[in-house]
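Written out below as structure tokens is the structure these notes cover.
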Protein chains: 2
Amino acid sequence: MKQSLFPQHDHDHSDCTSNLMKFADLYCQQAGLRLTKLRRTVLEKVAASHKAIGAYQILDNLAADGQKLAPISVYRSLDFLQEAGLIHRLESTNSYFACQRNFDDDLTNNNPISLNKCSETSPLVFLICDNCGAIGEVEGASIEPLIETVANSEKFKVKHSQLEIKGTCTSCQASS
Amino acid sequence: MKQSLFPQHDHDHSDCTSNLMKFADLYCQQAGLRLTKLRRTVLEKVAASHKAIGAYQILDNLAADGQKLAPISVYRSLDFLQEAGLIHRLESTNSYFACQRNFDDDLTNNNPISLNKCSETSPLVFLICDNCGAIGEVEGASIEPLIETVANSEKFKVKHSQLEIKGTCTSCQASS
DNA sequence: CTGCTATATGAAACAATATTACAATAGTTG
DNA sequence: CAACTATTGTAATATTGTTTCATATAGCAG
Ligand SMILES: [Zn+2]
Ligand SMILES: [Zn+2]
Ligand SMILES: [Zn+2]
Ligand SMILES: [Zn+2]
């Protein structure tokens, strides 16, 4: 059962985070990646909402928790998490959000974790609500052929692509 | 006759710039936009190559010409030029490049200038060579329906979208 | 032309984002 | 344990972009 990319503003987000963290633990373990305490904490901060968060917001956030870090520490964790495909970076706003592609299925069905689920070799497609800040991540498969076509016509060799679509999400349209 | 998005590295770029500046003058005049001396100079700097250039590079560049400006002056000009659709901003690299969509036809055929040629309401699609830095700008029309489809399925109201595709251009593949 | 007004530019300080370089510590392996 | 690699700490610095207020200039009405 397919659920909306944009959860209701008042949904119970604790489910989202617990699933996400559970997935992250399993995924890193199986991929041989070290989700250290710091990296895990940073991921929790990023995953705390469906909005994108800035590096310095995370920094302040951690400071408020009593954990005072230098910017570089946060950036290093963000780099790791991005490499791992657990978070993405919104280029247009210098901010980061947790990858929300449906790992729920894998977890609830006890499927093996798909290691390359969010590999950056497939195109990234994001719907960004400029009202509430929520991000909806779309499976990039549908634009892949189109990108191939464009690239082939120019004999351009594609390594990575990212599509950022800005506008207004359903929830925000309803409450306007 | 359609020419490649990626000109040869050794092409005569003076044609590109003179056409571009001629178009910019006409376009701004007809659109009632004021392409002031400063804005025009900044546009020349941006259009000096098919690569993207950073705001502070432009600043240094102008300083080398004896024109010492504050950052804000450059940013204001860049904002104007972007609003006018004469340049674009690469979000992933905080840099700016001149819009190269074919105005040549209009100029050589004495067609009326199409005022909304590069309106930001249509999707922007860029091919970015990570070797030589050249940008190829693709007519976004082909991905428009796809974006519509994705957005409609989520009842998302699109305002703006930008697709950045990174890889290697033909010229650079040849000389590798 | 003269003064009025809107637009554009100048100048200085500052804010936000990100990186470099090197030291210290923790984890892993033999 | 010793040696090695990966991670984190610390401090300084680089890069990118904005706020604020003052000044200049273009376009226009009288
Ligand atoms: Zn949630
Ligand atoms: Zn919203
Ligand atoms: Zn050229
Ligand atoms: Zn190239």
Side-chain angles (χ1 to χ4, degrees), chain A residues 24-25 28-29 31-46 51-84 86-97 133 162 164, chain B residues 24-25 28-46 51-84 86-97 128 133 162 164:
Chain A
D25 287 331
C28 287
Q29 190 195 327
L33 298 173
R34 291 179 51 201
L35 189 60
T36 62
K37 193 168 178 179
L38 177 59
R39 289 165 176 173
R40 204 171 186 282
T41 309
V42 171
L43 178 56
E44 280 173 352
K45 294 299 181 187
V46 176
K51 306 179 187 185
I53 186 174
Y56 278 75
Q57 272 181 273
I58 296 172
L59 205 58
D60 294 348
N61 209 315
L62 288 169
D65 293 353
Q67 189 169 5
K68 299 192 182 174
L69 297 171
I72 184 68
S73 295
V74 170
Y75 280 107
R76 284 195 283 226
S77 288
L78 289 172
D79 284 350
F80 168 87
L81 295 168
Q82 195 178 356
E83 287 272 308
L86 293 170
I87 67 171
H88 301 296
R89 181 189 145 93
L90 279 191
E91 305 289 6
S92 59
T93 55
N94 309 317
S95 57
Y96 307 81
F97 67 97
Q162 184 159 323
E164 302 191 4
Chain B
D25 287 330
C28 287
Q29 189 194 326
Q30 296 192 20
L33 298 172
R34 292 177 51 199
L35 188 61
T36 63
K37 192 167 178 180
L38 178 59
R39 289 166 176 172
R40 204 171 186 283
T41 308
V42 170
L43 178 57
E44 280 173 353
K45 294 299 181 187
V46 176
K51 305 179 188 184
I53 185 173
Y56 278 75
Q57 272 181 274
I58 296 172
L59 205 59
D60 294 348
N61 209 315
L62 288 169
D65 293 354
Q67 189 168 4
K68 299 192 184 175
L69 296 172
I72 185 67
S73 295
V74 170
Y75 279 107
R76 284 195 281 227
S77 289
L78 290 172
D79 285 349
F80 168 86
L81 294 168
Q82 196 179 355
E83 286 272 309
L86 293 170
I87 67 172
H88 300 296
R89 182 188 144 95
L90 280 191
E91 305 289 6
S92 58
T93 54
N94 309 317
S95 57
Y96 307 81
F97 67 96
I128 304 157
Q162 184 158 325
E164 302 191 4

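Lettering of chains follows the sequences in order, A, B, ..., and the numbering in each one begins at 1.
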Answer yes or no: does a side-chain N or O of [X] lie under 4.0 Å from OP1 or OP2 of [N]?
| X | N | value |
| --- | --- | --- |
| T36(A) | dT8(D) | yes |
| N94(B) | dT17(C) | no |
| S73(B) | dT9(C) | no |
| Y56(A) | dT17(C) | no |
| Y96(A) | dA18(C) | yes |
| R89(B) | dG17(D) | yes |

If you pin L38(B) and P71(B) to their nearest nucleotides in DNA chain C, which one's is more 5'?
->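 Counting from the 5' end, the first nearest nucleotide belongs to L38(B).
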Any non-hydrogen side-chain atom of T41(A) less than 4.5 Å from a side-chain atom of T36(A)?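 No, side chains not in contact.
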Would a 4.5 Å heavy-atom cut-off, applied to side chains only, mark L35(B) and Q29(B) as touching?
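They are not in side-chain contact.
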For the pair made of [atom1] in [X] and [atom2] in [N], what is the distance, rounded to whole Å?
| X | N | atom1 | atom2 | value |
| --- | --- | --- | --- | --- |
| L78(B) | dA8(C) | CG | P | 15 Å |
| K37(A) | dA26(C) | NZ | P | 12 Å |
| D79(A) | dA6(D) | CG | P | 16 Å |
| D60(B) | dG17(D) | CG | P | 14 Å |
| L62(A) | dG9(D) | CG | P | 11 Å |
| R39(A) | dA26(C) | CZ | P | 16 Å |
| Q57(A) | dA18(C) | CD | P | 12 Å |
| I58(B) | dT15(D) | CD1 | C1' | 14 Å |

Check: Which atom pair, heavy atoms only, marks the closest approach of L59(B) to A70(B)?
Finding: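 Closest approach of L59(B) to A70(B), heavy atoms only: CD1-O, 3.8 Å.
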Which atom names give the shortest non-hydrogen contact between K45(A) and L62(A), and what distance separates them?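 So the minimum-distance heavy-atom pair works out to CE-CD2, 3.7 Å.
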Selected nucleotide, minimal atom distance to [X] side chain, candidates [options]:
| X | options | answer |
| --- | --- | --- |
| A70(B) | dA11(C), dT7(D), dT17(C) | dA11(C) |
| L69(A) | dT18(D), dG9(D), dT7(D) | dG9(D) |
| I72(A) | dT10(D), dT18(D), dA8(C) | dT10(D) |

Residue whose nearest DNA chain D nucleotide is more 5′ - Y75(B) or R34(B):
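Here Y75(B) is the residue nearer the 5' end.
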Original post:
Side-chain donor or acceptor of R76(B) under 3.5 Å from a matching atom on the base of dG10(C)?
Top reply: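 Present.
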For this session: Hey, could you give me the CD1/OG distance between I128(B) and S95(B), rounded to the nearest 0.5 Å?
Result: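 Spacing of CD1 (I128(B)) from OG (S95(B)) equals 8.0 Å.
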